[in-house]
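Have a look at the structure below, then the notes.
Computed over heavy atoms, backbone and side chain alike; hydrogens, waters and symmetry mates excluded. Keep in mind that this is a model prediction, so the values were computed, not measured. By convention in this document, chain letters (A, B, ...) are assigned in the order of the sequence lines, proteins followed by strands, and residues within each chain are numbered from 1.
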Amino acid sequence: MHRFTRLFIDLDATTRTSEKLTALENYFRSVPPEDGVWALTLLVGKRPRRAISHTEMRRIASERSGIPLWLIAECHDAAGDLSETLALILPESDRCSLRPLHRVFSEWLTPLRNADEPSRALLLNEAWDELDTRQRLVFHKLISGSFRVGVQRRLVVRALANITALDPAIIEHRLNAPWKPTPDDYRRILSPHEHDSDPAAPYPFFLATPIRPSANDPITDDLRWLEHHLADPSDWLAEWKWDGIRAQLIHRPSLTMLWSRGEEHITDAFPELRALGALLPDNTVLDGEIVAWSDQDRPLPFSDLQRRLNRKQRDLMLFDDIPIRFLAYDLLELEGRDLREAPTADRRARLQNICARLASEQHLGVSPTIDFASWEDLAEQRAASRARAVEGIMLKRKSAPYRSGRARGDWWKWKIDPYTIDAVLIYAQRGSGRRASLFTDYTFALWDNGELVPFTKAYSGLSDAEIREVDDFIRKHTTGRQGPIRMVEPRLVFEIGFEGLRESDRHRAGIALRFPRMLRRRTDKSPDQADTLETLRALLHHSRTD
DNA sequence: AATAAGTGACC
DNA sequence: GTTGTGT
DNA sequence: ACACAACGGTCACTTATT
């Protein structure tokens with residue numbers, strides 16, 4: 001526990017990649033597999049679900065420290081983090097626990113989850129007796145299900161690659177296969193032998209970058225941007241950007257599996273697709289999109305598809321209500337040969353060959369390429385995206401290999417221009433972490449019969465400087481409070497951008513937005529010039545019919 | 001038993 | 001998914 | 001350019017509270 005706490009503090013203390021990397025390498029070099037595998041689980045895998053509720057933790061801490069609950073709530077409000085607050089208010093201890101990390105799980109965390117209430121209090125007190133302040137902080141995060149630390153998977157992979165002198169891609173591939181926090185699995189993941197990888201694991205996905213991503217790109221026009229950055233249209237392959245779930249379909253002898261982008265095994269949700277495996281040559285891996293597909297031969301909304309995911313009740317799989325297709329767009333492996341280094345155009349040709357034989361399969365299709373003569377031509381076709389129920393266009397360099405992760409340059413997404421609407425800021429809430437001291441979380445409203453009706457929240461889109469301005473306004477123009485929420489004088493107007501909208505009964509306005517964000521402050525507009533709910537309803541109606 | 005709140009997957 | 005910041 | 005942090009909403013499911 002002391003080494004892991006040290007690692008946590010080190011990772012938290014810096015934003016420098018090199019320092020994080022060193023901290024990770026030192027840690028993994030110094031701990032035995034029993035502990036290393038738990039650390040690995042915490043850093044790249046799933047954080048433990050909570051073993052005790054905040055309410056109960058607060059109460060037990062209050063009993064031990066003698067600090068009343070209301071005061072703890074105040075401290076929590078000021079500090080912004082309950083684990084930290086409780087670590088600080090408990091009677092100080094300078095003992096430092098040497099209990100190894102795996103025993104923290106087996107002797108504290110697991111029992112805590114299964115114990116009854118009095119035993120939970122006993123266990124917690126026992127742990128507090130042994131841990132120092134920093135260890136308590138980490139421990140609280142572990143047991144309350146809020147453990148998070150500032151490293152992402154990639155960095156951990158790099159650290160392990162450095163330790164083992166293996167290619168990061170190999171580590172990545174091994175981590176993609178199912179593993180459990182056991183010393184054996186840990187040794188396998190760190191095995192210096194290159195081919196100890198699991199054939200059931202998906203390849204790391206290649207992700208596209210949005211075109212014109214940086215706000216300060218001097219070129220503001222999409223067509224100019226394409227001409228400048230992608231140059232010759234004939235070097236590029238265009239496809240529709242489907243609104244579905246990215247997935248790899250892996251077919252091994254007597255085994256077909258489907259993996260999502262988050263490396264989740266989702267085969268069980270789509271048995272129709274597992275059945276496709278039998279039609280493919282052994283050891284074939286397809287990359288593509290699972291899309292809900294109407295009998296009108298067009299995509300259904302994403303939310304329909306989502307209903308097929310995470311289902312426990314297998315008897316109600318909605319096969320007929322929500323039919324699906326796998327639209328393949330890449331071939332990563334064929335008959336055991338890894339094709340990722342081959343040019344995109346070649347992989348495409350082979351993919352079409354394989355799927356041509358299966359043209360009658362209703363659940364399988366090749367995502368068609370879009371013929372286009374010029375960028376202008378493609379822009380015109382893109383304008384039909386909403387009508388086709390797709391999200392825009394994908395552009396892939398014909399000569400490029402299949403890369404891993406969000407590598408820039410070869411795969412681009414050119415999404416449809418977002419919808420926009422001008423709305424009034426009416427509530428605000430504090431952010432968390434780096435933004436704990438500022439009001440960064442905003443609720444927006446539209447006019448409806450002379451009344452402002454809240455319809456969405458948005459956080460992203462403002463720079464720190466703009467946030468400070470808005471925060472200042474909120475502090476000076478608060479009209480009331482409800483718990484952590486401040487009511488704000490309805491004076492600021494923002495242009496809200498979003499990708500789509502649908503009816504929803506979770507919101508008073510009856511409509512929910514997809515990917516809402518602030519595009520800009522409308523200082524030129526007064527609140528009464530903001531849009532109405534009627535405008536939004538009209539957009540909703542329009543989006544269903546065009 | 002019914003409802004609310006939380007979690008984790010997808011986008 | 002989107003976005004802004006820091007290195 | 002990249003990694004990271006802080007956020008939006010849905011759905012299905014689980015756990016806590018009434």
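- Within the 4.0 angstrom heavy-atom criterion, only backbone atoms of the sugar-phosphate kind lie near A/Gly244; the bases stay farther away.
- Taking atom CD1 of residue A/Ile52 and atom C1' of nucleotide D/dT14, one finds them 18 Å apart after rounding to whole Å.
- Side-chain rings of A/Phe455 and A/His507 stay apart, their centers remaining 6.0 Å or farther from each other.
- Using C1' as the reference atom, B/dA5 and C/dG4 are 31 Å apart when rounded to the nearest Å.
- Of the candidates C/dG4, C/dT3, B/dA9, C/dT3 carries the atom nearest the A/Ser460 side chain, counting heavy atoms from C-beta on.
- Residue A/Lys413 places at least one side-chain N or O closer than 4.0 Å to OP1 or OP2 of C/dG1.
- In this structure, A/Leu207 atom CG and D/dC4 atom P are separated by 15 Å, rounded to whole Å.
- Dashed line: the shortest gap from a side-chain N or O of A/Arg408 to OP1 or OP2 of D/dA1 is under 4.0 Å.
- In this structure, the nucleotide among C/dG4, B/dC11, D/dA5 sitting nearest to the side chain of A/Lys20 is D/dA5.
- For the 3.5 Å distance criterion, the side chains of A/Glu239 and A/Tyr329 fail to qualify, holding no donor opposite an acceptor.
- Contact check, A/Arg435 against D/dA5: no side-chain N or O comes under 4.0 Å of OP1 or OP2.
- Rounded to a whole angstrom, the distance from the C1' atom of D/dC7 to that of B/dC11 is 14 Å.
- When the C1' atom of C/dT5 is taken as reference, atom OH of A/Tyr459 falls 9 Å away, rounded to whole Å.
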Under 3.5 Å, which protein N or O atoms sit close to an N or O of nucleotides 10-13 of chain D? Give each pair with its distance.
{"unit_1": "D/dT10", "atom_1": "OP1", "unit_2": "A/Ser504", "atom_2": "OG", "d": "3.0"}
{"unit_1": "D/dT10", "atom_1": "O2", "unit_2": "A/Gln306", "atom_2": "OE1", "d": "2.3"}
{"unit_1": "D/dT10", "atom_1": "O2", "unit_2": "A/Gln306", "atom_2": "NE2", "d": "3.2"}
{"unit_1": "D/dA12", "atom_1": "OP1", "unit_2": "A/Arg307", "atom_2": "O", "d": "3.4"}
{"unit_1": "D/dA12", "atom_1": "OP1", "unit_2": "A/Arg307", "atom_2": "NE", "d": "3.2"}
{"unit_1": "D/dA12", "atom_1": "OP1", "unit_2": "A/Arg311", "atom_2": "NH2", "d": "3.1"}
{"unit_1": "D/dA12", "atom_1": "O3'", "unit_2": "A/Asn310", "atom_2": "O", "d": "3.0"}
{"unit_1": "D/dC13", "atom_1": "OP1", "unit_2": "A/Lys312", "atom_2": "N", "d": "2.2"}

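- The NE2 atom of A/His54 sits 10 Å away from the C1' atom of B/dG6 (whole-angstrom rounding).
- As a whole-Å value, the separation of A/Arg430 CZ from D/dC7 P is 13 Å.
- Side-chain polar atoms of A/Ser463 and A/Glu466 form a donor-acceptor pair below 3.5 angstrom.
- If you check the side chains of A/Glu25 and A/Asn162, you find a donor sitting under 3.5 Å from an acceptor.
- If you find the closest nucleotide of DNA chain C to A/Asp464 and to A/Pro516, the one lying nearer the 5' end belongs to A/Pro516.
- The pair A/Asp410-A/Arg403 meets the salt-bridge criterion, with a side-chain N (NZ, NE, NH1 or NH2) lying under 4.0 Å from an Asp/Glu carboxylate O.
- Between B/dC10 and D/dA3, the distance separating the two C1' atoms is 22 Å to the nearest Å.
- Atom CG in A/Leu11 sits about 13 Å away from atom C1' in D/dA3, given to the nearest Å.
- Listed nucleotides C/dT2, D/dC7, D/dT17 differ in distance to A/Phe515; the shortest reach to its side chain belongs to C/dT2.
- At least one donor-acceptor pair closer than 3.5 Å links the side chain of A/Arg406 to the backbone N or O of A/Ala208.
- Rounded to whole Å, the C1' atom of B/dG8 lies 15 Å from the corresponding atom of C/dG1.
- Defined by atom type and a distance below 3.5 Å, a donor-acceptor pair is missing between the side-chain atoms of A/Tyr419 and A/Arg514.
- For A/Asp441, whose side chain is taken as the heavy atoms from C-beta onward, the closest listed nucleotide among B/dC11, C/dG4, D/dC7 is D/dC7.
- Residue A/Leu462 is classed as a sugar-phosphate contact, given heavy-atom separations below 4.0 Å to backbone atoms only.
- Side-chain nitrogen and oxygen atoms of A/Arg517 include at least one within less than 4.0 Å of the OP1 or OP2 phosphate oxygen of C/dT3.
- Taking atom CZ on A/Phe270 and atom C1' on B/dA9, their separation rounds to 11 Å, with Å as the unit.
- What you find for A/Pro516 and A/Phe498 is that their closest heavy atoms are CA-CB, 4.1 Å.
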